[in-house]
Amino acid sequence: MNGAVVDVRRRLRAMVHTTIPGVEAQIRYGKPHFLKNGHHAALIHAAKNKVSFMMFNATEIEPVKGVLRSMGNGERKTADITEGGAVDYDRLAGLLTKASSSL
């Protein structure tokens with residue numbers, strides 16, 4: 001895994017811990033999952049040149065073209081971060097705050 005992907009993963013983990021105080025981190029299926037009150041709040045999936053950041057309980061969050069896509073029935077939203085792409089961690093934190101507020 002290249003250094004850029006590792007850095008994005010590290011920063012996303014820190015952002016989740018800052019955004020959701022008391023979040024529980026677990027490794028499931030080889031990926032970091034983050035739970036709030038026993039409910040999935042987020043997960044990080046890393047590939048060779050991309051990191052996907054998924055938020056759960058995100059029905060009320062609208063997809064943003066090129067930033068956040070809807071998964072399944074819309075309850076999950078995913079941001080795909082490609083190598084060399086800019087990451088707006090503050091925006092992701094705001095979306096995660098909204099998605100996890102009712103967990």
Side-chain angles (χ1 to χ4, degrees):
M1 198 171 301
N2 71 43
V5 169
V6 171
D7 184 57
V8 168
R9 288 176 58 192
R10 181 187 55 76
R11 292 187 65 187
L12 284 171
R13 282 177 187 249
M15 182 267 300
V16 170
H17 283 281
T18 300
T19 303
I20 308 174
V23 70
E24 179 186 352
Q26 297 179 352
I27 300 296
R28 295 185 178 182
Y29 311 107
K31 301 172 186 80
H33 287 67
F34 302 92
L35 291 84
K36 178 181 175 187
N37 298 322
H39 300 278
H40 279 88
L43 77 81
I44 299 170
H45 171 73
K48 185 175 180 180
N49 294 315
K50 174 178 94 169
V51 175
S52 294
F53 178 70
M54 182 183 294
M55 290 176 264
F56 294 82
N57 197 46
T59 305
E60 302 296 318
I61 296 173
E62 292 296 319
V64 179
K65 187 173 181 170
V67 176
L68 196 66
R69 63 186 166 93
S70 188
M71 303 284 296
N73 64 2
E75 190 272 336
R76 297 169 287 148
K77 300 294 187 300
T78 300
D80 292 315
I81 304 159
T82 56
E83 185 175 10
V87 182
D88 188 342
Y89 294 98
D90 290 335
R91 185 176 195 179
L92 290 176
L95 295 169
L96 182 60
T97 296
K98 183 176 180 179
S100 66
S101 65
S102 64
L103 293 177

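Qualifying side-chain contact (heavy atoms from CB on, under 4.5 Å) partners for T18, counting only residues two or more places apart in sequence or in other chains: none. Taking H33 as the reference, H40 meet the ring pair (Phe, Tyr, Trp, His ring centres under 6.0 Å) condition, with sequence neighbours excluded. The side-chain contact (heavy atoms from CB on, under 4.5 Å) search around N49 returns N2, E83, not counting sequence neighbours.
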Pairs under 3.5 angstrom only: tabulate donor-acceptor contacts from the side chains of residues 90-100 to other protein residues two or more places apart or in another chain.
| unit_1 | atom_1 | unit_2 | atom_2 | d |
| --- | --- | --- | --- | --- |
| T97 | OG1 | A93 | O | 2.9 |
| S100 | OG | L96 | O | 2.8 |

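Residue pairs meeting the salt bridge (charged side-chain N to carboxylate O under 4.0 Å, His left out) criterion with at least one member in residues 14-35: none, sequence neighbours excluded.
Proximity of a side-chain donor or acceptor of K77 to a complementary backbone N or O of A58 within less than 3.5 Å is detected. Looking at N73, its side chain does come within 3.5 Å of a backbone N or O of E75 through a donor-acceptor pair.
Taking all atoms of both residues into account, the shortest heavy-atom contact from I20 to A41 is CD1-CB, 3.8 Å. Here the closest heavy-atom approach between residue A79 and residue L68 is recorded as N-CD1, 3.8 Å. Smallest separation of non-hydrogen atoms from P32 and I27: CA-CD1, 3.8 Å. Shortest non-hydrogen contact noted between D80 and S52 is OD1-OG, 2.6 Å.
A continuous path of Ile, Leu, Val, Met, Phe, Trp and Tyr side chains, each step under 4.5 Å between heavy atoms, connects V5 with V16, placing both in one hydrophobic cluster. Y89 and V51 end up in the same hydrophobic cluster when Ile, Leu, Val, Met, Phe, Trp and Tyr side chains are linked at under 4.5 Å.
Alongside F56, the hydrophobic cluster contains L43, M54, M71 (criterion: ILVMFWY side chains under 4.5 Å).
The structure places CZ of F34 at 10.5 Å from CD of Q26, a figure rounded to the nearest 0.5 Å.
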